[in-house]
Structures are given as structure tokens and as C-alpha cells.
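Heads up, the thing below is written out as C-alpha cells.
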Amino acid sequence: MPTREPARSHGRHVPVPVRVPARRRAGDVLAGLGALVVLVALVGGVPYALLTFVGPPIAPELLDIDVLTSNVGPSTIIAVLVLLVWLAWFQLFVCVLVEVYAGVRRVGMPARVPMSGGMQFLANKLVSAVLLLFTAGAMVVPLAKLAPTPAAPPVTAVAYSAPLVEQTLETHKTKKVYVVQPPHGRHHESLWEIAEKCLGDGRRYPEIYRLNQVKEQPDGSRLRMADLIRPGWVLDMPDDARNVHIVPSGQPREQTLREHPGRAQAETRPDTPERRTQDRTEGKHRQQDQREDRKEADRQGSTQTERQDDRGPQTIMREAQDGDLTDYLAAASLAAAGLLLVLARRRREQLWRRVFGRRIVRPRDDAAQAEVALRLGGDAPGARVLDVGLRVLGAELAAQRRTPPTVYGAHLSARTLDLWIHPADDDPPAPWTAADGGQVWRLPAHEGRLLPEGGPGQGGAPYPGLVSIGTDDGGRVLIDLEAAQGLINVRGAHTTAALAALAVELATNRWSDRMRITLVGFGEELTAIAPGRIRAVGGLAEVLPELEASAAPRMEVLTGRITGSPRSAHYLLSAVAPTHEEARRLALLARRDTAGYVLAGEVPHATWTLEIDEDGRARLAELGFEVEAQLLPRRHYRALIDLFRTADRLDGELMSEPEPLEGLHPPAVEIRILGPVEITGLPPLEEGRMALATELLVYLATHVGGVHPVVLGGVLWPRGVQDMVRDATIARVAQWLGPENLLTDEAGRLRLGPDVRTDWALFRELVRRSHGDPTARAVLLEKALGLVRGPLLAGRRSGGYTWLAADDLEYDVSAAVADAAHQLCEIRIAGGQPDAAVAAVRAALLLAADDEGLWRDLLRATHATEDVVRLRAVVEGLTRRAASHPYGGGMAPETEALIEELLPSWRIHVVRESSA
């Protein structure tokens, strides 16, 4: 690519004329010109003709008061008809004004002119065609005129030791390239950062993307996603790039990498505002790298067990207060609820294939902390109110044969769910109520919680495109991507992080039935979260023909959703700025399609524009929203991907080894966790303090190596707590337990005394002893399973125990209980005691109900009783459970095959049950 140096004349920068290519096809131009002629004729020609041939709106005949009592003649009738024609013209004129205002100001949905349905529709079509005629090409003109002519910087020497002849050849036979650098700590380079460093503006990254799209790199791969670049790649750069290498234009990338493996030497430039801005940006990146390095060191240190923890309190404090992942993931409460639901489905499928003696793989490091944040922030009740409330609303509207209103925004708080609708309607179906003159439909949260889930009064999901853009002081703010009926532009800082957050919530929300999400230029790894919903492509050109072929009218789709014939919702999120032609085609498509289109970069045809500043504040001026933006930065994005990839692993891992108990005598204080959480041997604390004190004891009891108070504070209060509150809580628990039961070692770590024990520790000891005593194995296993009373830590305090996501406890307990029941079941069946085998498995199912290996053991044990009626009851119960399981997924293929083997007629009975 030849490098063009700007011409200079008398110290002034002379812009080089650039020919702007045509952006429209002939048909579009003709349609726009035709619409313009029709508009001029209707708005100007009609009143001119009326004034010329028939007179003013109010004829003299209508001003005579006697016309009300005298006989009406032909002149009076003609005068009334003329007045009606004038009124019709005035109505059309108002509709045109409204549509022009909405199109020029990009307010999204034009105001509704009363009693002007067909007239306003006609005005909308004409004005849209005319505006597209002008905006597609004329957009360049005001920008060119308004941009000031920059003064040329002083001529300085360039820091390349090349002879003059090489500098001359550089203009014609060289190109500028950038070598992507290896990661520094956890910091990886991105196109945005390269554009910011080399072009002075991160928003120019699409230029680099387009220059290098699908070009082969030294490692044989190609750039297909804007957010996927690799160290060692050689990127062609625009002509005005700085901090780059100058190489011959035909030089292979492999040779460039060999000759220029490191960073380019910076140009020697004067101290200008632009240079200072770039230096500040690079300084921020260096500081971020240092912070990432420190955090990485902290995380590596925190993987050591606490019994080996001999670090000082300052190191422990830094680790305990590293809440970076929590800041974003816990704040995305609706997305967190959806992610947890999808994750639970994956974990259930992992349990289908769990191997005896191994637990399913648990997340580590950032992935584990990501799940902690999701558990901390997930708003499952709010997501349920949104889902069930919208479905009930759609079903009621369908029953009343009413067209659903356009919902352009929603606000979800602890007290209400508000929908901002258009047009205004003060008669919503119960239990919804109207507010603000019918502009808002409101569902009180207590009413929403009472709505039955999956009941007969629920229909399809009417508004699957509702997605959070952030939070305000009162709750979460959502917009409906379909309601824009045009392009939605996301720009400013954190653009890709905002698009990733939108994609994750859309892909996992529960208020949609069928959905397809196309990600352009980013997010290929998100298919790990929702492979059935998400696909990623490299450019808009790959999907535009398909979108244009599958467009569907909005009202038709909305009506279909609430009447039981839903059409797949489709949303396109692009991190690659569209070309003018792509933007024009998308704008035309969005006007007639029900899909949602969210695009980064400068989009001239955008209906809504979401501006995000450096501090993470987002503003959507067209709707009047200003919120704390919902973002998914790169580290959080990678943590989520790692979390879901872990949930796809089927190899399993060994369980942690238990600490042997010296004796089986009853303890002074017992902490029961294999069922409802209970503490025996201590007097009850006052109400309001018991739940937190119990969690503190559970954590200490399951971490026998000791826990530093600072770490304990971070566990119990993941959002942070004052030292005095933490210390007062620990002192209160110490007083409750007694000094002999809460000990402090020389390093300041807290541990429980020998007279405090959990039922989990006793369970593990009984199982361990059963392995060394074959004659007493069945008895010991039976005693161990007798300790199981229900799900692990049932009845735990709301919002607590989030630390379980990053701990072995949940994984070890469910696997160990299921394995103990499996062993005992086989022993009892071999000994001719199938009823005892059934009892053993049912005891384990109280805690590990999702381990389908236990259900297969139950089927075998029940079959061994030779009671067909009993076996059929187990099969029917398992079938109903699989069909109504909150995590979905049916049952494992191995389970279905076993049922076919033991009860071949089971499918006939299932069909009869469902038809009845």
C-alpha cells in the first residue's frame, strides 16, 4: 500500500481531494425522487390548487349564522366539502411534519397523530424514502465543512537511520505495519488499543480490521474476528499510522516478523496535545499491566491451601479485597440469573456422565470467582417476574384480541416492573395497571410473584428483545431492541464490552422462546455459553442477504407470539462499523423488519444512539435514559468462557482426601450440613444474627487448616465490610462457642476446637473405614447414608454461601454421597436384599437428586424386587421429573436405554398419561 504524504503549502495543510463513491442504487434514487415529487405535490400543490380553483377553507356561506336554520343549498354543501378537503390536507401536513421531525432528529418512534392511521403510514413511507435519498450521500458534506483545517506540525527529523533515497522510495514502494506483541501479564493487545496507540483514536480500529481481514498471517491463520488477534501477527496499517514499522510493500509477513520482532521505534515529534494524549493512554495501559500482574500473582498465591498459608496479613488483605470480577458480573443481575440457569443445565448433563470415584470438574481461579459473582448478584426472582409477567400480559391481550403495544423500554426494581409503551393506553389487562396517562404499564412485584409459572393463562414470550443497558438509582433499565424500528448505535468507550454484555443476557434470558443472535467481528467463544442461539461471523456482508430474505413485519410477529405461533427472534450485534452501503441496507431493512440491529462505530442512519463514556456511564438521549452501563470487560468475558468450558468437560477429577477422625464419639457441638443447616450443642443466638454466625461456623468447620480473619471477612461479606463489623461478629461467635472451641494460632488464623465437628466429617470417616473393613462395610455405609437429611445446606440464608462456587465442598459432597449409595446398593442386591438397596438409593437422592447414576441404581434395585407395578411407578416419576425439571434437558440416554431394557412398555404408558 503506497504511503501518501499530505501536501503542504505555506505552513498550511492542504487536504487531498477524495472522490466519494456512490452509495445508492438507481432504484433507490428513483424511489427517493418520486417520493420527493409526491410530497411536494401533496404539501404544496394541493393547497395551491385549492386556493386557485375553490377558495379558502372557510367560505362566506359557512360564516352566515342563518345557515343553521335555513334550507341548505348546493353552495353550502360545496363549501362543507371544501372545508373537509382542507382538513384532510391539514391532517396530512401534520403527519408529514411529525415524520420529518422524527427522521431528522432520530427520535425512533414518531409521535402518533390522532385518527391518522393510514394517512400517517403514507407520510412515513414518503418521508423515509426522501430522507434516505439525502442522508446516504449528503452526510459527508457537513462533516467536511465543519471540520477545521488543522495546521501542519513543524517539520522534524524522523528517527530512522535510512538514506534519503530510501525515504524517497518509502512514498511509493513501502507500507506501514504493526507487529502484535506478546501478552504482558494478563494484558493482551486488541485492535482498539492498537488504533488508539497508532492512529490516535481507538474508534478507528475498523480501518485496521478491513485492511487485514482474511489476510494470511505468519502462523497460517487469518483475521476473521475483530477481537481475535494473536501475538506475532503483522498488521497492515493506514497511511497516517505512528509507532509502526516501514517495510517494502511486497515483503512477506514472515520476513517482516523476522526483521522486526519487537515494538516499532517511536517517531521523534514535538510535544503536542495529541502526543501528550497518546502518552497518557500508553501510561494507563502500563499501569493496567502492572495491576494485572499484581492480581495474577495474588491469584496464584491464593491457590495454595490455607493450612500452608504463611503469608502476612497485608498479602491476605490484598487477595481478600480483590473484587474486580464482582464489580461487573454481580451487577448484571438479570444476566447473572440467566447464566446460572444455563450453567446448572450443563452441570446436570455433566452429572449424567460422572464416573464412580470422581467428581465433576469444578472451575478454578477467575472462572470460579466469576461463578461466585454470579451467585452473589443473580436476580432469579426479578427474572421470573419479568418472564411470567410478560407472558401473562401477552396471553391476556390475545384473549381480548388486542394488538400488543410497542414496548420501547422497561424498568425493573424491587417494587415494580414498568413498561414504557407506545401508543399510550390506559386500559392494560389485569394485574397490570396504567400510570402516567397510559404511557406506563405497571406490574407490582408482589403481584408478579403470585403469578403461577407455566399456568394455563400464560402464552408465548411477546418481547424477547428486552435487554438491560444498565442501572439507575431505582433498578435496572432495559430497552427493546425491536422497538427502535431502525439501527441502534453503540459508541464511545467500552463498546465491545457493552456488546458482549448485551449478547450474554440475550442468549441466556428466560423471557424468550426462540432466538438467534448473530455476532459480527467478536464473540466467537460465546457459542460455548449458548451454542443453539449464538453464531459469530467476520463481517456484515456474510449475513446481509440472509437478513433481507427473512425479514418479517413487526405486527405480524407480535401477534404470532401471543397467539401461540411464535417466530424466531433475530438480533444482530456488530463490533465492526458498517460501510455506508451496509448501513443504508440495514436501515432500510430495520424499517420493515422485527429484528434488532446494534452496531458499533459511526452509524449515520441510527435511530437510537447509546453513548458510553470512559467512566462507564451510558446515555440514550432519544429515550432520555442515563444509566451505569452494563459491561462485560475482557477479563470477565474470558472468565465466563472458562467457566462454561469447564462445565463441558466430562473427564471428571479426583475428590479431595478427608482428614481422618480420631474417634466417633459424639461432639460437644455438631454442625449439620447434609440437609437443613443446623447447629446442636449451643444455645440459640438472637434472631437476625444466627444465620450469619452459622455460615461463619460452616466455613471454619469445612476449612480445618484455619482461616485468617481478613479472608473470612471477604468470604462472608463479598461486597466488603468494615473491619470493626467483621471483628465484632467474630468476637460474638467466639463468645457463643466458648474460648475452647474457637482457637487462634500464631499466624492469626482462626480454627475450631476438636469438640466441634460436622456430620460431613463423620460421613467421610464412616466411608473411609468401610473401605478397610469388608465385613462391616454395609453397616458403615448405611450409617453414613443415615446422616443425609436433604439437599446440602438446605435453608441457607439468602445471598449467603456464594463461596461454595469456588470451593470443593458442593462437588465432593454430592459425589461422595452418590458413590456410597451405589456401593451399598450393589452389596444389598448381591445379598438378595433389593428393598434395602432401594432404601439406600432413596436416601442419597435426598441430597444428590440430579445424579442420574443414582436413578439408574434405583431402577435396577426396584427391578430386583420383581414388582412391576413398583417399577412402573419409579419410571413414571422419573419421566415426570425429567419433563418438568427446572434445568430442562430430559434424561440421560443411558437412563432411557435402561428403562427400555427393564420395562419395554414404558413409552406406551407415558403416551397414555400425557393424552389423559
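Ile517 and Leu506 make their closest contact through CD1-CB, 3.6 Å (heavy atoms, listed as atom of the first residue, atom of the second, distance). When all heavy atoms of Cys198 and Val244 are compared, the pair lying nearest together is SG-CG1, 4.1 Å. The shortest non-hydrogen separation linking Pro238 to Glu207 is CG-OE1, 3.9 Å. Closest heavy-atom contact between Val576 and Leu540: O-CD1, 4.3 Å. Here the closest non-hydrogen pair linking Glu548 and Leu589 is CA-CD1, 3.8 Å. Among all heavy-atom pairs drawn from His260 and Val179, the shortest one is O-CG2, 3.3 Å.
Dense packing is recorded around CZ of Arg362, with more than 12 heavy atoms of other residues, nucleotides or ligands lying under 6.0 Å away.
Residues Asn243 and Tyr178 fail the side-chain proximity criterion, which asks for heavy atoms closer than 4.5 Å. Within the 4.5 Å cutoff, the side chain of Leu519 has heavy atoms near those of the Ile534 side chain. Between Trp233 and Asn212 there is no side-chain heavy-atom pair separated by less than 4.5 Å. Contact of the Leu599 side chain with the Val520 side chain is not registered, since no non-hydrogen atoms from C-beta on lie closer than 4.5 Å. Residues Val598 and Tyr571 are not in side-chain contact: their nearest non-hydrogen atoms beyond the backbone lie 4.5 Å or more apart. Contact of the Tyr637 side chain with the Val504 side chain is not registered, since no non-hydrogen atoms from C-beta on lie closer than 4.5 Å. Contact annotation: the side chain of Ile208 approaches that of Leu199 to within less than 4.5 Å [non-hydrogen atoms, C-beta and beyond]. By the 4.5 Å heavy-atom criterion applied to side chains, Asp648 and Arg346 are counted as neighbours.
In this structure, Gln630 contributes its side chain and Glu628 its backbone to no donor-acceptor pair below 3.5 Å. Here the side chain of Asp613 pairs a donor or acceptor atom with the backbone of Asp615 at under 3.5 angstrom. Not a single donor-acceptor pair under 3.5 Å links the side chain of Thr495 to the backbone N or O of Arg491. Asp201 places no side-chain N or O within 3.5 Å of a backbone atom of Ala195 that could act as its donor or acceptor partner. Gln350 places a side-chain N or O within 3.5 Å of a backbone atom of Thr646 that can act as its donor or acceptor partner.
Asp366 and Arg638 are not joined by a salt bridge, as no carboxylate oxygen comes within less than 4.0 angstrom of a charged side-chain nitrogen. Between Arg516 and Glu546 there is a salt bridge, with a side-chain nitrogen of the basic residue lying less than 4.0 Å from a carboxylate oxygen of the acidic one. Salt bridge status for Glu582 with Arg585: absent, with no side-chain N to carboxylate O gap under 4.0 Å. Between Asp651 and Arg649 there is a salt bridge, since at least one side-chain N of the basic residue sits less than 4.0 Å from a carboxylate O of the acidic one.
Going from atom CG of Leu610 over to atom CG of Asn489 covers 9.0 Å, rounded to the nearest 0.5 Å. If you take CD on Gln213 and CG on Asp236, they are separated by 13.0 Å, rounding to the nearest 0.5 Å. Atom CD of Glu254 is separated from atom CD of Gln217 by 9.0 Å, given to the nearest 0.5 angstrom. The CG atom of Leu481 lies 12.0 Å from the CG atom of Leu487; values are rounded to the nearest 0.5 Å. Residue Thr496 holds its OG1 atom at 11.0 Å from CG of Leu631, rounded to the nearest 0.5 Å. Note that CZ of Arg619 is 12.0 Å distant from CD1 of Ile469, once rounded to the nearest 0.5 Å.
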Criterion side chain to side chain contact (heavy atoms under 4.5 Å, CB included) on Leu374 and Leu643, from CA distance to verdict:
CA-CA 11 Å; Leu374 294 178; Leu643 175 62; 4.0 Å; yes
Stepwise, does the salt bridge (charged side-chain N to carboxylate O under 4.0 Å, His left out) test hold for Glu542 with Arg535?
CA-CA 12 Å; Glu542 297 180 43; Arg535 67 166 175 168; over 6 Å; no
Leu343 vs Glu371, side chain to side chain contact (heavy atoms under 4.5 Å, CB included): CA-CA, chis, key distance, verdict:
CA-CA 9 Å; Leu343 184 64; Glu371 187 174 351; 3.7 Å; yes
Evaluate side chain to side chain contact (heavy atoms under 4.5 Å, CB included) for His245 paired with Lys176, printing each intermediate quantity in order.
CA-CA 6 Å; His245 297 290; Lys176 295 184 177 182; over 6 Å; no
Kindly determine whether Val180 and Arg230 satisfy side chain to side chain contact (heavy atoms under 4.5 Å, CB included), including the steps that lead there.
CA-CA 7 Å; Val180 181; Arg230 299 176 184 174; over 6 Å; no
